[in-house]
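This report refers to the structure that appears directly beneath it.
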Amino acid sequence: MLVSPSNFALVASTIHDSAAEPDALRLCFRGNELLVDESGGALRTVADTASGKDVIVVGRWGERLVIAEALASDVPAPVGARWAGLRSLFGVMADDLVSIAGRAGQLLDWDRTHHYCGVCATPTQRDLNERARRCPACKHASYPRISPAMMCLVTQGNQILLARNVNFPAGRYSALAGFLEAGESIEDAVHREVREEVGIDVGEPKYFASQSWPFPNSLMIAYTAEYAGGELKPNGHEIAEADWFDHSNLPQLPPRISIARALIEDTLQRLRNGQP
């Protein structure tokens, strides 16, 4: 499951001092693509890449400062490197690097989309002491946006409910998921989303874990819940197919780096062991 490395920490300053930190790990992005070596197995810290439009301090990984740089959309990859979407690096790049790169990409996306005040349209300025962009005219402050989303794996006896979203690759199934609405608790969203997506009711949701999901700024909050009634009927516009599965007849599952895969595997193991 994608988690932040234990030796990664935030830092107080949001400004990179290249003289004081000349060996900072530099993550170069072109839109949503990350600059990697040809194999995709290691991050590049090339010094000869064209100067970026924006640089953001991400944090400190061990003793090394990590910065993220947004390059122009037409910057080519240097010899021996290529541009790659972060999802394509799952299972190729080390999980710790994927986690940090995901955080970096989120911060660059937030910074790019908040160059102007959402209240009065004045160009904003970065705060030097915290992660924020402030309007010098009306003083409105914008912080990195986090979009909470619930995930629920419904159980019935020794079976689990898996669904294929209309946007999934052919054959892939996962747990149900959806974004929270304004004013909802996570538990409210679990009941609503399960009912909306597949037409059934569930009992009390039980918390499993959470995971940052940087596509572009989600926080996935995962639960299990027992089937409580209703007829299974995918809604068609979000969920193409849904069915009950056990450990002996599983379909293609999400990648191991996702919280969905961890939720599914943990729940199946628990059910095999006869645990409620």
Side-chain angles (χ1 to χ4, degrees), residues 1-72 75-114 125-133 143-146 210-219 255-259:
M1 193 171 83
L2 189 66
V3 297
S4 295
S6 59
N7 61 344
F8 179 85
L10 299 178
V11 295
S13 175
T14 62
I15 304 299
H16 173 227
D17 183 346
S18 58
E21 301 271 2
D23 64 339
L25 178 60
R26 178 181 172 200
L27 310 183
C28 298
F29 285 81
R30 187 181 69 176
N32 295 322
E33 295 179 311
L34 178 67
L35 188 64
V36 298
D37 68 10
E38 288 288 5
S39 70
L43 293 178
R44 299 277 299 189
T45 56
V46 291
D48 57 348
T49 304
S51 179
K53 298 179 292 185
D54 292 290
V55 175
I56 284 183
V57 173
V58 180
R60 192 171 294 279
W61 188 18
E63 297 299 319
R64 197 174 187 188
L65 189 72
V66 181
I67 61 173
E69 185 170 5
L71 304 182
V75 173
V79 175
R82 64 184 175 91
W83 295 103
L86 200 58
R87 287 179 186 269
S88 71
L89 299 174
F90 289 176
V92 177
M93 180 179 286
D95 289 355
D96 282 357
L97 293 176
V98 173
S99 175
I100 293 173
R103 184 188 292 254
Q106 285 189 77
L107 292 174
L108 287 176
D109 183 74
W110 158 74
D111 191 70
R112 176 184 61 82
T113 56
H114 289 80
Q125 300 170 347
R126 285 189 192 165
D127 192 298
L128 299 182
N129 300 308
E130 64 174 339
R131 190 80 70 192
R133 292 194 71 102
Y143 297 87
R145 178 184 300 169
I146 303 297
S210 65
Q211 179 187 50
S212 175
W213 195 243
F215 301 104
N217 49 34
S218 299
L219 174 65
R256 292 188 180 278
I257 201 168
S258 70
I259 193 172

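Numbers here simply count residues along the sequence, with the first being 1.
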Work out which heavy atom in [X] is nearest to a heavy atom in [Y]; give both atom names and the distance.
X	Y	value
A101	L27	CA-CD1, 3.9 Å
A81	A77	O-CB, 3.5 Å
E130	Y143	OE2-OH, 3.3 Å
L71	C28	CD1-CB, 3.9 Å
P5	W61	CB-NE1, 3.8 Å
A104	F29	CB-CE1, 3.9 Å

Are more than 12 heavy atoms, taken from residues, nucleotides or ligands other than N217, located less than 6.0 Å from that residue's CG atom? yes
Evaluate side chain to side chain contact (heavy atoms under 4.5 Å, CB included) for D109 paired with R145, printing each intermediate quantity in order. CA-CA 10 Å; D109 183 74; R145 178 184 300 169; over 6 Å; no
Partners meeting side-chain hydrogen bond (donor to acceptor under 3.5 Å, both in side chains) with S4 (sequence neighbours left out): R103
Quick check for you: to the nearest 0.5 Å, what is the distance between [X] atom [atom1] and [Y] atom [atom2]?
X	Y	atom1	atom2	value
M1	I259	CE	CD1	4.5 Å
R60	L10	CZ	CG	11.5 Å
E63	D23	CD	CG	10.0 Å
I56	Q106	CD1	CD	11.5 Å
L34	W83	CG	CH2	7.5 Å
L107	R131	CG	CZ	4.5 Å

What's the verdict on side chain to side chain contact (heavy atoms under 4.5 Å, CB included) for R126 and D111, showing C-alpha distance, side-chain angles and the deciding distance? CA-CA 9 Å; R126 285 189 192 165; D111 191 70; 3.0 Å; yes
Could you tell me how the ring of W213 sits relative to the ring of F215: parallel (under 30°), tilted (30 to 60°) or perpendicular (over 60°)? perpendicular
Is the shortest side-chain heavy-atom distance between L35 and P78 below 4.5 Å? yes
Taking R26 for its side chain and I67 for its backbone only, find out whether a donor-acceptor pair lies under 3.5 Å. no
Using residues 86-100 as the side-chain source, report each donor-acceptor pair under 3.5 Å to any protein atom, sequence neighbours left out, with the distance given to one decimal.
unit_1, atom_1, unit_2, atom_2, d
S88, OG, G85, O, 2.6
S99, OG, V3, O, 3.0

